Amino acid sequence: MNVTTEGNKRRSAILTPTVGVGSAALFLIALPFLLQNQLYYLDTVILALLWGAAAGAWNLAGGYGGLLSLGHAAFFGIGAYTSTLLFVRLGISPWLGMLVGAVLAAILGWLIGIITLRMKGPFFGLATIAIAEVLMIVAVNWTEVTQGSQGITVPYKPGFANMAFDSKIPYYFIALVICLIPFLLARWLKQSKFGYELMAIRDNEAAAQALGIHTVRVKVGILVISSAITAVAGTFYAQYVTVIEPYHEFSFNVSIQMVLMTMIGGLGMALGPVFGSFVVTGLDTLMRDLLQGTQGGVHAMMYGTLLVLVVLFVPEGMIPWLKERFRSGKGGRSHGSVVDSGASDQTFRGPDGGG
C-alpha cells in the first residue's frame, strides 16, 4: 500500500509540472489568434513581452548578480540604432543588424565591467548612467548619421528578411522568443555552477572571493550577456514601432522602467520581470484609455502612485507576495498536525523565496 502511494506521488510530481508547461505553451501559441481581431489588446501583449525581455535582461545582472545598472538604455539604444542604421543606410537585414547590435552592446558591457567592477561603492551604477547620457548626446548631435533629435523612421518593407509584417501575429512570436531568452537563462542560473557563483557574489562578495571564485570575471560575464539581450530587445522595438529617436532610446526613463518592472514582479526571479511588465504595460494602456484627452501629468501621477505603493507594501515583489498568500491559505486549510509540527517557514519556501 505504501509502495503504491509513493509511486502515485512520484508520478504526480512528474506529471504536474509537465502538464503545467504544456498548458502554458498551448495558451501562448493560441493567444495571438484569439486576439487577432482585437489589435489594441494584441499590441499591448506584444509590448509587454518586449519590455519583459528588456527587464528580464536587466534582471540577469541586477537581480541575480546584484549589479545595479541604471543605464541599461545604453544597450537598448545601441540595438535599436545599429540595426536601423544598417537597414536604412546599407540595406542590411535587421536580423543581421540585431546580431551586430548585440555584439556591440556586449563589447560595451565588457568595457564597462572591466573598468568599473573592480571599484567599490556606486561607481558601476554611475558609470552606466554616464555612458547612456554620452550615447544620447552623440546620437543627438551626429545629425549626418542619426538625423539628430528628429529621429529615424524605419521604412516599411514587408517581408521576413526585413522583420516587417502585415499582421501583428509574427511580431508576437518574435517578441515571445526574445522574452523567453532571459527567462530560460534565469532558470538555468538557478541550477548551474556559474549561477551559484554569481548569486554567491551577490550575497557576499568577500566570502565568494575567499572560496576562490573569480568575482570580476563572473560579474563581467553576466553583464555581457545582459547587455547583448537588451540590445536584441532594442532592435525588435525599432522594427515594431518603426520610429526611433535618441531622447527615448537612450533615456534614463527606459533604464528605470526595466528596473521598476523587475522590482514590481520580483527581483532575482525568472518570471518577475515578465509579470511586472504585464502589470505596468497593462496599467499604462488602461490609464491612457480611461484618461484619453486628459493632461499627461495625471497619467504619470497615477503610474508613479502604483510604483510607490508596491515599493512600500510589497517590497519583495508581487510574485513572492502572491505565493506567500497562497501558502498561507493552504496552511490554514491543512490539518493541525502539519501546522503544529514546528516546521520552520523555510520548509515551505525555496531558498530565494520561491520562483
Side-chain angles (χ1 to χ4, degrees), residues 43 46-47 50-51 53-55 57-58 69-94 96-98 100-105 107-109 111-112 125-157 162-164 171 227-228 230-261 280-281 284-285 287-288 291-301 303-304:
D43 176 70
I46 292 171
L47 290 175
L50 161 65
W51 290 115
W58 183 90
S69 169
L70 298 176
H72 248 54
F75 311 122
F76 188 85
I78 286 175
Y81 267 89
T82 298
S83 62
T84 300
L85 289 173
L86 289 176
F87 183 48
V88 172
R89 304 289 184 182
L90 302 177
I92 295 175
S93 170
L96 182 58
M98 178 184 283
V100 175
V103 170
L104 292 178
I107 292 173
L108 177 61
L111 288 173
I112 293 174
L126 294 174
T128 57
I129 295 175
I131 292 294
E133 291 297 317
V134 167
L135 289 176
M136 179 194 293
I137 292 170
V138 170
V140 168
N141 290 282
W142 198 7
T143 55
E144 297 84 359
V145 176
T146 65
Q147 299 183 30
S149 58
Q150 76 179 55
I152 304 175
T153 300
V154 179
Y156 180 65
K157 299 177 180 179
N162 297 328
M163 206 186 297
Y171 290 111
S227 304
T230 305
V232 169
T235 294
F236 177 76
Y237 175 87
Q239 292 301 126
Y240 184 65
V241 178
T242 69
V243 176
I244 60 171
E245 54 93 15
Y247 287 118
H248 177 267
E249 272 56 67
F250 293 106
S251 70
F252 184 66
N253 287 341
V254 168
S255 298
I256 292 300
Q257 186 170 335
M258 299 180 201
V259 178
L260 292 177
M261 285 178 174
V280 173
T281 307
D284 183 72
T285 300
M287 290 298 101
R288 291 184 186 278
L291 302 176
Q292 193 172 19
T294 308
Q295 292 296 324
V298 177
H299 167 265
M301 181 182 68
Y303 176 70

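Keep in mind that what you see is a predicted model, and the values were worked out from it rather than measured. The figures here come from the full heavy-atom set of this structure, side chains too, leaving out hydrogens, waters and symmetry mates.
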* To do: Please work out which of the three classes, parallel, tilted or perpendicular, describes the rings of F250 and Y81, given edges at 30° and 60°.
  => parallel
* Structure fact -> The single option from L85, V145, V243 that satisfies side-chain contact (heavy atoms from CB on, under 4.5 Å) with I152 is L85
* **Reported CG-to-CD1 distance for the pair L108 and I131, which is rounded to 0.5 angstrom** => 6.0 Å
* L70 side chain reached by I256 side chain, heavy atoms, under 4.5 Å -> yes
* Asked: At what distance, to the nearest 0.5 angstrom, does CD of Q239 lie from OG1 of T235?
  -> 7.5 Å
* Report the distance from atom OH of Y240 to atom CG of D43, rounding to the nearest 0.5 Å. => 3.5 Å
* Nearest heavy atoms of P246 and V140, plus distance in Å -> CG-CG2, 3.6 Å
* To do: Indicate yes or no for a side-chain donor-acceptor contact from T128 to the backbone of G71 under 3.5 Å, with no hydrogens or angles considered.
  => yes
* Spacing of S255 atom OG and I129 atom CD1 [to the nearest 0.5 Å] -> 8.0 Å
* Asked: Between S251 and H248, is there a donor-acceptor pair closer than 3.5 Å when you use the side chain of the first and the backbone of the second?
  -> yes
* Structure fact -> side chain to side chain donor-acceptor pair (under 3.5 Å) filter on Q147, not counting sequence neighbours, yields Q150
* Straight-line distance of Q257 CD to W51 CH2, nearest 0.5 Å -> 5.0 Å
* To the nearest 0.5 Å, how far apart are CD in E249 and OG1 in T146? -> 11.5 Å
* Asked: Do H72 and V259 have side chains that get closer than 4.5 Å, going by heavy atoms?
  -> no
* For F252, does the CZ atom sit with more than 12 other heavy atoms under 6.0 Å from it, leaving out its own atoms? -> yes
* Asked: Would you call M163 and F87 a side-chain contact if the rule is heavy atoms closer than 4.5 Å?
  -> no
